[in-house]
Amino acid sequence: MAEVKKTEKIDKKKPVIAVGDGPAIPSKEDVGLFTAWRVSIIGALAIIAYLAISKPDPYLAILKFVPDGILVTFQVTIEAILLALLIGLFTGLGRISKNRIINGIASVYVEVIRGIPLLVQLFYIYFALGRVVNLPAMVSAVIAMSVCYGAYMGEIFRAGIESIPKGQMEAARSLGMSYPQAMIHVILPQAFKTILPPVGNEFVALLKDSSLVSILAVSDLLRRGREFASESFTYFETYTMVALVYLVITLFLSKLVSLMEERISVD
Amino acid sequence: MSTENRNIMVQIRSVYKFFGQLKALDNVTLDIYDGEKMVIIGPSGSGKSTLLRSINKLETIDAGQIIVDGLDISNPETDINKVREEIGMVFQSFNVFPHKTVLDNINLAQTVVRKRSKKEATEISRELLNKVGILDKANEYPGKLSGGQQQRVAIARALAMKPKLMLFDEPTSALDPEMIGEVLEVMIKLAKEGMTMIVVTHEMGFAREVSDRVLFMDYGAVIEEGTPEHFFKNPTEERTKLFMSQIL
């Protein structure tokens with residue numbers, strides 16, 4: 001055989017999407033980080049416990065005051081991430097679309113949203129659009145967060161879909177499947193594995209950013225803290241507690257994400 | 001084999017295809033008959049894969065006409081999915097679906113496209129897996145299979161659609177030498193059953209054993225065509241002679 005055609009190597013390694021933002025997700029190989037995670041979470045929990053027991057006023061009072069806020073924080077985060085995933089899926093599909101109009105809309109959306117700070121977007125949707133349509137604070141908050149994160153999610157979906165070898169789409173289409181059928185049955189299930197880690201990352205980042213919604217009169221964790229502090233004038237103590245609670249939640253969630261990742265890569 | 005009174009399966013008329021400045025297909029005109037087995041050979045970049053991929057519109061041609069089983073696929077109005085249901089394709093890089101078991105790989109298009117019930121599809125899939133000799137791997141994921149086995153899954157997957165025409169795009173080029181035989185064996189079996197086949201390959205042994213016609217392409221054009229014997233014994237064109245001396 002004389003002709004050596006460049007053979008498309010079938011890449012067994014999973015493609016990795018590098019996303020810089022977000023908390024460090026501990027992995028088993030990374031021993032240092034793993035320890036850092038442990039030190040942080042045990043340290044944070046120990047400090048919370050110590051403060052609450054040794055100085056129940058105001059620390060225990062703060063701890064009792066903020067759980068409503070934690071629930072709201074989770075509510076905003078989960079609703080926004082679900083909506084963002086949906087927006088991201090369609091944005092990602094739009095970004096790879098050969099249809100110029102669809103591609104254009106998706107690309108402009110991503111550019112515009114990524115160019116405006118989230119805080120400004122929150123103000124904009126709540127106050128500026130509030131003059132036209134009067135949206136409840138919670139709804140504005142979820143819309144703003146998901147519209148913002150949808151743009152980032154869109155890029156994750158796009159990268160995830162593009163990481164699947166193009167022979168997969170060709171094989172599916174050559175069997176007579178339509179483009180949507182090929183996407184649903186062949187491409188997206190494979191892309192899902194690749195996008196899960198960055199989506200987990202975004203989830204944790206979104207939870208942290210959700211503290212911004214406290215300016216919209218949404219009683220999330222931060223706002224509950226502020227309410228407590230302004231009544232009792234214990235700013236230092238309250239914000240210490242709030243920061244620790246955020247830290248514990250984020251550390252816990254990033255651990256969860258890494259466990260999920262591990263389980264997925266085993267399958 | 002006589003070609004009289006036989007239906008034409010694929011009609012290729014004055015087809016051109018450009019990749020930027022490069023002329024990938026240069027005025028190709030060709031008929032492929034029902035039941036015919038045609039082998040396309042040619043150097044790298046000669047347009048043979050492009051020609052093959054144009055037949056199920058994985059490549060869109062820039063000029064000319066391609067009619068498959070009476071349907072003009074160069075016409076944008078033609079529902080290409082309907083045409084592709086009737087054309088099986090086997091790729092150099094297998095392209096089996098790694099997230100599905102061997103059985104589900106073969107079931108997928110049957111249920112989604114042909115709308116067969118899962119039970120019916122499974123029956124057909126198992127029969128085909130048996131035919132390509134890997135029924136015992138039905139519930140494995142492709143990652144656990146050798147290249148030769150994956151390619152046989154890909155062939156079974158294409159056959160499950162009951163195609164009228166099978167396209168093979170260098171099906172053995174990505175395989176380790178010891179696995180080429182098992183894939184060729186399946187293809188020979190298929191050829192002997194009367195399947196219409198267009199095969200881009202350099203396996204001249206395969207060409208000699210089953211093909212009715214060999215096509216030599218270079219620079220996007222068909223340079224010479226004839227029986228395998230003709231190519232082995234006395235090719236007329238200089239370029240063909242040179243190429244044959246290189247691959248044999």
Side-chain angles (χ1 to χ4, degrees), chain A residues 1-17 89 96-100 157 160-197 199 260-261 263-267, chain B residues 41-46 49 53 56-58 79-100 104-105 108-114 141-143 147 150 154 157-158 160-161 163 167 169-170 172-175 177 180 202-204 243 245-248:
Chain A
M1 286 213 291
E3 185 191 289
V4 181
K5 199 180 163 184
K6 51 175 180 3
T7 46
E8 288 176 52
K9 273 260 171 68
I10 293 151
D11 199 355
K12 289 233 170 90
K13 270 193 291 179
K14 269 198 310 156
V16 176
I17 302 167
L89 171 62
I96 55 167
S97 169
K98 288 201 181 95
N99 182 319
R100 283 203 184 161
F157 270 98
I161 292 167
E162 283 177 346
S163 74
I164 306 304
K166 82 180 200 313
Q168 291 288 312
M169 177 55 93
E170 288 185 351
R173 296 304 305 274
S174 77
L175 288 162
M177 283 187 224
S178 65
Y179 182 83
Q181 284 172 336
M183 267 294 160
I184 292 167
H185 296 286
V186 176
I187 307 298
L188 288 176
Q190 293 184 63
F192 178 73
K193 273 192 180 185
T194 322
I195 67 176
L196 198 75
V199 165
M260 205 156 60
E261 240 177 87
R263 175 172 277 193
I264 285 243
S265 63
V266 167
D267 290 343
Chain B
I41 57 174
S44 190
S46 59
S49 283
R53 290 163 57 86
N56 68 354
K57 216 176 179 179
L58 285 181
D79 179 1
I80 189 63
N81 295 332
K82 281 276 161 243
V83 184
R84 283 178 179 151
E85 282 178 33
E86 310 298 334
I87 309 175
M89 177 136 189
V90 176
F91 300 85
Q92 179 182 11
S93 50
F94 327 137
N95 299 342
V96 287
F97 305 137
H99 63 300
K100 293 195 174 286
D104 287 339
N105 258 276
L108 181 63
Q110 295 189 67
T111 48
V112 171
V113 179
R114 287 280 198 227
Y141 281 89
Q150 291 192 37
R157 180 177 67 180
M161 301 299 286
L167 309 175
D169 189 4
E170 304 206 31
T172 57
S173 299
L175 292 174
I180 292 176
H202 295 125
E203 295 294 332
M204 291 307 290
F243 181 76
S245 71
Q246 281 168 346
I247 63 165
L248 289 179

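Labels below follow one simple rule: chain letters A, B, ... track the order of the sequence lines, proteins then strands, and each chain is numbered from 1.
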**Prompt:** Which of residues 172-181 of chain A have a heavy atom under 4.5 Å from any heavy atom of chain B?
**Reply:**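 Interface residues of residues 172-181 of chain A: A/Ala172, A/Arg173, A/Ser174, A/Leu175, A/Gly176, A/Met177, A/Ser178, A/Gln181.
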To the nearest 0.5 Å, how far apart are [atom1] in [X] and [atom2] in [Y]?
X        : Y        : atom1 : atom2 : answer
A/Glu170 : B/Arg53  : CD    : CZ    : 4.0 Å
B/Asn95  : A/Lys166 : CG    : NZ    : 9.0 Å
B/Thr111 : A/His185 : OG1   : NE2   : 7.0 Å

**Best-contacting candidate, B/Ala109, B/Gly88, B/Gly147, against chain A by heavy atom pairs under 4.5 angstrom** =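 Of the candidates given, the most pairs with chain A belong to B/Ala109.
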**Message:** Looking only at heavy atoms and a cut-off of under 4.5 Å, which of B/Asn56, B/Leu58, B/Val112 has the most pairs with chain A?
**Reply:**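 Of the candidates given, the most pairs with chain A belong to B/Val112.
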**Request:** With a 4.5 angstrom heavy-atom cut-off, could you sort out which part of B/Phe97 is near chain A: side chain, backbone, both or neither?
**Result:**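 For B/Phe97, the contact with chain A is made by backbone and side chain together.
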**Message:** For B/Val90, which atoms come within 4.5 Å of any heavy atom of chain A: side chain, backbone, both, or neither?
**Reply:**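 Contact with chain A: none, neither part.
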**Message:** Are the side chains of A/Pro189 and B/Lys100 in contact, using a 4.5 Å heavy-atom criterion?
**Reply:**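 SC-SC contact between B/Lys100 and A/Pro189 ruled out.
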**Prompt:** Which residues pass the side-chain hydrogen bond (donor to acceptor under 3.5 Å, both in side chains) test with B/Glu85, sequence neighbours left out?
**Reply:**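 In terms of side-chain hydrogen bond (donor to acceptor under 3.5 Å, both in side chains), with neighbours along the sequence ignored, B/Glu85 is linked to B/Lys82, B/Arg114.
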